[in-house]
Each structure stands twice: as C-alpha cells, then as structure tokens.
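Handing you a structure now.
Keep in mind the model is a prediction, meaning the values are calculated, not measured. Per chain, numbering begins at 1; letters A, B, ... match sequence-line order.
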Protein chains: 2
Amino acid sequence: MAEAFRKHGFEGASLAILSRATGLGKGSLYNFFPGGKEEMMDAVLADIDRWFVTTIFTPLEQARDPAAAIRTMTAEVTVYFRSGGRVCLVGWIGLGSSGDAFAVRVKTYFARWISALARCVQSGGVPSLLAVQLAEETVSGIQGAIVLARALGEEALFLRIVRRHEAALLDALARHTR
Amino acid sequence: MAEAFRKHGFEGASLAILSRATGLGKGSLYNFFPGGKEEMMDAVLADIDRWFVTTIFTPLEQARDPAAAIRTMTAEVTVYFRSGGRVCLVGWIGLGSSGDAFAVRVKTYFARWISALARCVQSGGVPSLLAVQLAEETVSGIQGAIVLARALGEEALFLRIVRRHEAALLDALARHTR
DNA sequence: GCTTGTTTGTACCGAATGGTACAACATCGC
DNA sequence: GCGATGTTGTACCATTCGGTACAAACAAGC
C-alpha cells in the first residue's frame, strides 16, 4: 500500500490500484479505513513517521557518540531511500495541493528531523546556530538528492551527495571537538 | 495552464481544471493539443525549458564573469521559484510514475543545468572535478530547498539555503582565481 | 450448534474522468 | 460577397473514479 502511494502519488493511486496492491477488496479496504483514501494515506504517513522516529530521530536525539549516530543515520537513510531509487513520500506529498490535508504531518516530520539532527551535532560541541544550519542543509540536501537521482536515473549521484553532507557534518564535529 | 499543472500535478490537473485555468473550452484545448493532457504537459515543460535555457543555462555557459553569472542565476532562480513558494514542476513530475512519459525532458533539463553551472565555475579556474561536484550540489540543494520550504511553509529557509550554495560557489571561484 | 461480531466479495451508485464528433461561429484572402 | 480555414461551444461517449449497501462467509465464545 505504501509502495502504491509511493509509485503513483496520492491522486494517481486509485482504489483499484490500492486494492490490487493490498490484495484486499474494496469492502475490506473501507472496513479498515472508513475515511477512504485520505485515511489510507494518513495511515501510511503515520507508519513512515513511526519508522523514522525509532530508526532515525530518537537515535540522533539520544546519541552518546554524535559522529557514530550521524554515520548510522546516513547509512539507514541510504538504504531506506534505495540510494535515491525510492521516493520520499512525505516530501513528495508536500509539493502538491493534495498534500494540504497532510500538511501538519509533513511539517512535523521535517521539523523533527532537522531538530533531531541539529541537537545531535550540537551535543558534539558545534555551536547551535551552525548546528541548525548544517541540519537544514543536510535534510534539504537529501531531498534534493532524491529528486535529482530519480530525474537523472543515477543512483550514484545520490550516494555522492549524501556522502558529502555526511562529511560536512563529521567535519564540523571534528573541528569543534571539546 | 502551467500554474494549473504546478498546483495539482499531472494526475491532479483534470481537463476541467485546465479548461478553467486557460479560459478555453474542451474543443479549443483539443484543437491545439490533439495529444490530450500529455501534449499539454509536454508543451508546458517545453516552455519551462525554453525559459531556463535563455535565462539560466546560456548565460552560465557563455559567462565572461563567472561570479556575476552565478549571482544572477541565484537571483533569477529565487524569483522564479518564489523563494520556494513555487514548485519545480520538472523535478516534481520526475518523482512519480506518471513522469515516465517525460523522462527524457526531465533528464536533459537537470543534466544541462548541472553542466552549464559546472562549465561556468570551471571557466573561473576551478578544477573540473570540483566544479561538477559543486554544480551537482547546488542544483540538488535548490530542489531540496523547494521541498523543504514548501513542507515547512518557510520561505526564509529557501533563501538561506540558496544563499549558502551561492556562497560556496563564489568561495570556490575566489579560491581558484587565476 | 448457535449466536455474535467481524471480515469479505459483489453489485451498484452518481459523479467525474479523458476524449470525440460536429455544428455554429469567426476570420481572412480574394 | 464568397469560399476556405481556423476556432469555439456543446452534446455526447465509454470508462473510471471514490464510495456505499449488503448479503454471504467467517471466526470466537459459550
């Protein structure tokens, strides 16, 4: 179901597609999601959010070794986005007017990612202003890398860009070591 | 018409919406675009491409003053994307499976942007490998900034990120001045 | 085995979808 | 004026859309 939305977007994913993707008939679909397509998408976004919170956000927020936490973040993210071969549904949905219904979810997702990463970097001794700056740049850079890698059909480009952002983060940490 | 696609995406922009947006009835629409919605979208993308070629790409490619060319690029891009309030249709369309029909257009758009920017930076004395690296990072960064700025509803974030990329480009130029 | 509540498939709904046919209309060279 | 060409609105097409109704199938408790 998540993959169906990821492939076709919200508008493009028809109930027929969703039904085929899940193996459930319309009856079942509307039994579990009385709110229709919107509730289905919301559930998918909630699922994604949960994954990011446990795998990315909290490890960053509670990191005892910031450099290691950043390294695992980029590693996890690279796998998750299949090196840019997989789209970021949250970012995508935010682009269109159909995403207005999920605006809050989209906003909190990115806001938390940035703040978690910033806190991690900051905990390593980097001044808070620079930390936020680096975090913004990294999250934004990952989103851009997905767009570009998909557009050019070049997964290597995703890896290159993410690696550079990782390097920038680690460099800042090394420079401000206490 | 472009704005209709920009707002609703390819799937979301129905003929009714397109008709309303252009003020043309279905008859006229199908008179000018016998290929239907796909041809309309293609025309819009061609239009966008033309604008970027004349306003962004060729000035970069033929720049006599690389630093100035970069500065005008970021300025033009900032205005064009309304500081992130306006979506990059090319990048957006590339994310979904509906964009497969326009894959070539999407690909050449980004490829040319990167190569034009890289050539400009390189003409200022920056080694070609670094130049390509910086160009990739900048174009990707702009795309990410659009996604993030829209998601967070924060145009200032777009400006901040673009400005930082501009600074990185100018810095590289200054460092490798001949 | 019967009851109760959930899960499923199927038939169906009105509305909207992308697209076509075509007659009325305008425009223009001549 | 007249025909030729291009443009427009309208009615219409089959299909698909998201969504509902509901009865059959199922499961669990007792």
Side-chain angles (χ1 to χ4, degrees), chain A residues 1-50 87-106, chain B residues 1-50 87-106:
Chain A
M1 174 135 178
E3 294 312 313
F5 276 122
R6 222 185 280 275
K7 189 167 179 186
H8 303 95
F10 181 70
E11 322 263 4
S14 68
L15 286 183
I17 291 176
L18 261 16
S19 173
R20 213 175 307 133
T22 56
L24 290 128
K26 269 204 237 185
S28 313
L29 239 34
Y30 270 84
N31 180 34
F32 297 126
F33 307 99
K37 240 171 79 164
E38 265 197 32
E39 193 176 336
M40 299 180 207
M41 174 57 109
D42 202 65
V44 167
L45 290 179
D47 232 38
I48 292 174
D49 201 62
R50 218 171 305 130
V87 153
C88 176
L89 190 53
V90 187
W92 187 13
I93 226 61
L95 288 176
S97 66
S98 68
D100 293 355
F102 315 104
V104 180
R105 226 179 246 293
V106 171
Chain B
M1 173 134 176
E3 294 312 313
F5 276 121
R6 222 185 280 276
K7 188 167 179 187
H8 303 95
F10 181 70
E11 322 263 3
S14 69
L15 286 183
I17 290 177
L18 261 15
S19 173
R20 213 174 307 130
T22 56
L24 291 130
K26 268 204 236 184
S28 313
L29 238 34
Y30 271 84
N31 180 34
F32 297 127
F33 306 99
K37 239 172 80 164
E38 266 197 32
E39 195 177 335
M40 300 179 207
M41 175 57 109
D42 203 65
V44 167
L45 291 179
D47 232 39
I48 292 174
D49 201 63
R50 218 171 304 130
V87 153
C88 176
L89 190 53
V90 188
W92 187 14
I93 226 61
L95 288 176
S97 65
S98 68
D100 292 355
F102 316 103
V104 181
R105 226 179 248 292
V106 171

The single option from Leu89(B), Asp49(B), Ile93(B), Leu95(B) that satisfies side-chain contact (heavy atoms from CB on, under 4.5 Å) with Val106(B) is Ile93(B)
How close or far is atom P of dG18(D) from atom CG of Leu15(A), stated in whole angstroms? 4 Å
Would you check if Asp47(B) and Met1(B) make a side-chain contact, meaning some heavy-atom pair closer than 4.5 Å? no
N/O (side chain, Ser14(A)) to phosphate O (OP1/OP2, dT16(D)) under 4.0 Å: no
Can you confirm whether Arg6(B) sits close enough to Trp92(B) that some side-chain heavy atom of one is under 4.5 Å from a side-chain heavy atom of the other? no
Side chain of Ala16(B) only, please: which of dT17(C), dG18(C), dG19(D) is the nearest? dT17(C)
List the steps and the verdict of side chain to side chain contact (heavy atoms under 4.5 Å, CB included) for Phe32(B) and Met40(B). CA-CA 9 Å; Phe32(B) 297 127; Met40(B) 300 179 207; over 6 Å; no
Kindly compute the distance separating CG (Leu29(B)) from NZ (Lys37(B)), expressed to the nearest 0.5 Å. 11.5 Å
Return the orientation label for the Phe10(B) and Phe5(B) ring planes: parallel under 30°, perpendicular over 60°, tilted otherwise. parallel
Ala13(A) vs Gly27(A), nearer the 5' end of DNA chain D by closest nucleotide: Ala13(A)
Whole-Å distance, Leu24(B) CG to dT8(D) C1', equals 9 Å
For atom NZ of Lys7(B), is the number of surrounding heavy atoms from other residues, nucleotides or ligands below 6.0 Å larger than 12? no
Residues within residues 1-12 of chain B bordering DNA chain D, heavy-atom distance below 4.0 Å: none
Heavy-atom check, side chain of Tyr30(A) versus side chain of Leu15(A), under 4.5 Å: yes
Spacing between Leu18(B) atom CG and dG19(C) atom C1', to the nearest angstrom: 13 Å
To the nearest Å, give me how far apart NZ (Lys26(B)) and C1' (dT20(C)) are. 9 Å
Mind running a 4.0 Å heavy-atom check of residues 28-44 of chain B against DNA chain C and sending the residues that fall below it, in number order? Tyr30(B), Gly36(B), Lys37(B)
